[in-house]
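First comes the structure, then the notes that go with it.
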Amino acid sequence: MTVRVLAIDDSRTMRDLVRLTLEGAGMAVTVAEDGVHGVETFQDGRFDAVITDINMPRMDGFGGIE
């Protein structure tokens with residue numbers, strides 16, 4: 001069974017770094033570019049874990065996990 005992870009970060013570099021690292025460990029990774037996009041993506045899928053940045057535009061990481 002593949003672990004599905006949602007990675008939320010406004011930095012494209014960080015999203016790519018997290019995605020490449022976790023995919024290299026055999027995980028399926030979906031990325032979102034801010035908290036609003038992360039919440040929308042989370043509602044559309046099933047994830048085993050969420051990794052989020054805290055300081056982001058539109059909705060910060062704390063708002064996204066509430």
Side-chain angles (χ1 to χ4, degrees):
M1 179 175 171
T2 302
V3 175
R4 295 179 40 88
V5 178
L6 173 59
I8 310 167
D9 200 303
D10 60 319
S11 166
R12 183 177 186 177
T13 302
M14 288 306 296
R15 287 193 310 268
D16 289 345
L17 179 65
V18 169
R19 181 181 52 78
L20 289 170
T21 301
L22 296 179
E23 286 178 346
M27 299 178 195
V29 181
T30 302
V31 296
E33 59 192 37
D34 60 36
V36 172
H37 185 216
V39 169
E40 293 168 353
T41 303
F42 185 82
Q43 291 172 343
D44 292 338
R46 295 183 58 114
F47 299 95
D48 299 301
V50 176
I51 299 172
T52 184
D53 185 12
I54 296 301
N55 188 17
M56 295 181 288
R58 296 202 312 156
M59 180 187 295
D60 64 19
F62 291 122
I65 61 173
E66 286 183 344

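No hydrogens, no waters, no symmetry mates; every other heavy atom, side chains included, goes into these values. Quick caveat: nothing in here was measured; it's all calculated off a predicted structure.
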Q) Between atom CG of Asp16 and atom CG of Asp9, what is the distance when rounded to the nearest 0.5 Å? A) 10.0 Å

Q) What distance separates Ile51 CD1 from Arg19 CZ, expressed to the nearest 0.5 Å? A) 13.0 Å

Q.
If you count every heavy atom of other residues, nucleotides or ligands that lies below 6.0 Å from Asp44 atom CG, does the total exceed 12?
A. yes

Q: Please name all residues satisfying side chain to side chain contact (heavy atoms under 4.5 Å, CB included) with Val50, sequence neighbours left out, ordered by chain then number.
A: Leu6, Ile8, Phe42

Q.
Check for me, please, whether Val39 and Val18 land in the same ILVMFWY cluster - side-chain distances under 4.5 Å, paths through other members count.
A. no

**Q.** Within one Ile-Leu-Val-Met-Phe-Trp-Tyr cluster: Val29 and Val3, side-chain cutoff 4.5 Å
**A.** yes

So, for [X] and [Y], which heavy atoms are closest and what is the spacing to 0.1 Å?
X	Y	value
Asp34	Met56	CA-SD, 3.9 Å
Gly26	Thr2	O-CG2, 3.6 Å
Thr41	Phe47	O-CE1, 3.6 Å

(Q) Applying the side chain to side chain contact (heavy atoms under 4.5 Å, CB included) criterion to Val31, which one of Arg15, His37, Met14 satisfies it? (A) Arg15

Q. With distance as the sole test, does Arg4 use its side chain to make a donor-acceptor pair with the main-chain N or O of Ala28 at under 3.5 Å?
A. no

